[in-house]
Every structure is written in C-alpha cells, then in structure tokens.
There are 2 protein chains.
Amino acid sequence: MEEILGIQEIKACPIRYVLAINDTLNVISGKWKLPIIGSILFGKKRFTEIQRNIAKITPRMLSKELKELELNGIVTRNVYDTTPVSVEYELSESGKNIVEVLDKMVDWGLSHRKSIMGENQK
Amino acid sequence: MEEILGIQEIKACPIRYVLAINDTLNVISGKWKLPIIGSILFGKKRFTEIQRNIAKITPRMLSKELKELELNGIVTRNVYDTTPVSVEYELSESGKNIVEVLDKMVDWGLSHRKSIMGENQK
DNA sequence: TATAGTGATATACTAAAGTATAGTGTGTAA
DNA sequence: TTACACACTATACTTTAGTATATCACTATA
C-alpha cells in the first residue's frame, strides 16, 4: 500500500520530481561527498581535521568538494579572524536532514543484501 | 527526535552500514539507471520499448546497464522462446522497493530547493 | 529479393571524475 | 633559523563513464 503511494507519486512524474531526485543524487554521489558529510555530521570541523578523518583524500579533492557542497547549500563555511585564520565547516539544516535519506538507503541496502543472500542459498 | 535516531544509527557506523549506503548508491547513480528503473516501474518491457522510452540512450548503454542491474539483482531478464526470441525486463522485488528511497529523495530535494529559495529572497 | 525490426555486440573515441605531486603565504614553537 | 602546522591552489596526469558508429544473426512483411 505504502509502495503504491510512492509509485503513484512517481507515476504522475512531473519534471520537478525528477529534478528533486537529481538534486539529491548530486549531493551524495561521487567518491568523497558522503565521507565528508559523515565527518561533519556530529559537529563542525576544520579542513585538516576532515582531511585526517578521511583516509586518502587529497587536499585538492577536499577543497573542491567542500566548495561544491557550500555552493549547494549543504555545508556552511565559517572563517574566524584568528591569527592565523581558522576555518570551520558545518552542515546546514538541509545537510543535516539528508540523514533521513541515508537511513532509507541503509534500510534498502540491507534488505536487498538479505534478499540476494537468500537467492544464493536456494 | 526522528533525526537523532537516524544520526545514532550512523554514529554506530559499523562498516556494513556504509556498505549498505554504497550498495544503494551504486544502483541509482550514473546517467541511465534511474531512467531505466522508471521505464519498467509499472510493468515489464522489452529492450526496444525501453530504448524508445528513454531519449538518446544508445543500445550499448542500455545493454550494459541492464546487465549490471540484472547482476545486482534489481532487474530480472525473461527470455521467451518465440520466433524471434523476445526478451522482457522486469524489476525484482528489491527493485520495486527502491521507490521508497526515491520518495525520500524527492522529499529532501524539494525541501532543500525551498530552503535555498528562501535564502535568495532574504 | 529487399527492407525493416529485434536484441544485442565491437571498436574507437571524448568527457568527466579523480589522483599525484609540488608549492603558496601565513604564523608558531624549538 | 629551521622546521612544521594550517588552509589551501596549480599543473599534469590517469582512470572511469559515457558517446558515436557500425555490425551481427535472425525473422517477418512487402
């Protein structure tokens, strides 16, 4: 029943629904966006802290992705006038809410894994 | 409150949660996977029907993506022994359930869009 | 016999995403 | 004054994703 509702929403399929899905995908797809979101999910962090948090990310990628996330309103960049300047990155409200999407993805991912295991045991 | 629950789920952050999110992302990211899922969401379809459904997809891409979706257990391929053979593609149960994830993505995408509009009007 | 449809595959290419490595300007601590 | 931390940027490169175009074996219809 719940599934049918979802289907009908997509069935109506106005362009803005497709756009909304794409917006969401753009925020979370790519190799580094999720790790970055994960890293600042429980509080603001500085550039180098995030970098230390995420194994193998290069400063180039971190800088590039943070800029993109900021531009898209997912991350807020706070510059403090200390010497030397310190910069903290934080999730916006929207950024925090994405957790709801991630939770659904975890649910689906886990149940899909289970269903595949079941197949293999047949 | 609901948000906090989600956060704590991720906070525990065992490797399999991260894997689950990645599984889900792999199913829906890329240029053609969502259009393909959309095309067969309301019933099985044949190769050429899907191709006609999705503007500008090449047979190479459709073939490649369908294979991948089948391998990942999202799509089922049914071959009928007619002359010439006809092949129908259909979403698996898991494939159908992904709609729940998509719905959440629509919700977040729309509310994020709204929040950004609000910013611009300040 | 020619033409078109079905369900693809092969080869070669371009574009986008990501990596490697080095370097910048500022300040602090030994 | 040497060395290191911070917050990056620049240049060049490789890898992956996606495109373009041609072709295949088969069959049905004109």
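Chain letters run A, B, ... following the sequence lines, proteins first, then strands; residues in each count from 1.
For C:dT11, the paired nucleotide is D:dA20, the pair qualifying as Watson-Crick or G-U wobble because both relevant distances are below 3.5 Å.
In this structure, CD1 of B:Ile28 is placed 16 Å from P of D:dA17, rounded to the nearest angstrom. The NZ atom of A:Lys44 sits 14 Å away from the P atom of D:dA7 (whole-angstrom rounding). With rounding to whole Å, B:Lys33 atom NZ is found 15 Å from D:dT16 atom P. Taking atom CD on A:Glu65 and atom P on C:dA17, their separation rounds to 10 Å, with Å as the unit. To the nearest angstrom, P of D:dC6 lies 17 Å from OH of A:Tyr80. Between the CZ atom of A:Phe47 and the P atom of D:dC8 there is a distance of 6 Å, given to the nearest Å. Per the geometry, NZ belonging to A:Lys64 stands 21 Å off P belonging to D:dA7, to the nearest Å. One can place CD of A:Glu49 at 16 Å from C1' of D:dC8, the figure rounded to the nearest angstrom.
Remark: B:Leu91 CG to B:Ile40 CD1 distance equals 4.0 Å, nearest 0.5 Å. One finds the CD1 atom of B:Ile54 at 5.0 Å from the CD1 atom of B:Ile36 (value rounded to the nearest 0.5 Å). Once rounded to the nearest 0.5 Å, the distance linking CZ of A:Phe47 with CZ of A:Arg52 reads 11.5 Å.
Listed candidates were D:dA7, C:dT6, C:dG27. Nearest to the side chain of A:Ser86 is D:dA7.
In this structure, A:Ser63 does not reach the D:dC8 phosphate: none of its side-chain N or O atoms is under 4.0 Å from OP1 or OP2. Here A:Tyr89 reaches the OP1 or OP2 of D:dC8: one of its side-chain N or O atoms lies under 4.0 Å away. Contact check, B:Thr48 against C:dG7: a side-chain N or O comes under 4.0 Å of OP1 or OP2.
When all heavy atoms are compared, the tightest approach of A:Ala20 to B:Val106 is CB-O, 3.8 Å. The nearest pair of heavy atoms linking A:Met105 to B:Thr24 is O-OG1, 2.8 Å. Closest non-hydrogen pair, B:Glu65 versus B:Trp32, comes out as OE2-CB, 3.7 Å.
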Q. Does the pair A:Glu68 and A:Lys33 meet the rule for a salt bridge (charged side-chain N to carboxylate O under 4.0 Å, His left out), with working shown?
A. CA-CA 9 Å; A:Glu68 220 180 301; A:Lys33 302 232 180 68; 3.6 Å; yes
For nucleotides 19-23 of chain C, list the nitrogen or oxygen atoms of the protein found under 3.5 Å from its nitrogen or oxygen atoms, one pair per line.
residue: C:dT19; atom: OP1; partner: A:Lys31; partner atom: NZ; Å: 2.5
residue: C:dT19; atom: OP2; partner: A:Trp32; partner atom: NE1; Å: 2.9
residue: C:dT19; atom: O4; partner: A:Arg60; partner atom: NH1; Å: 2.2

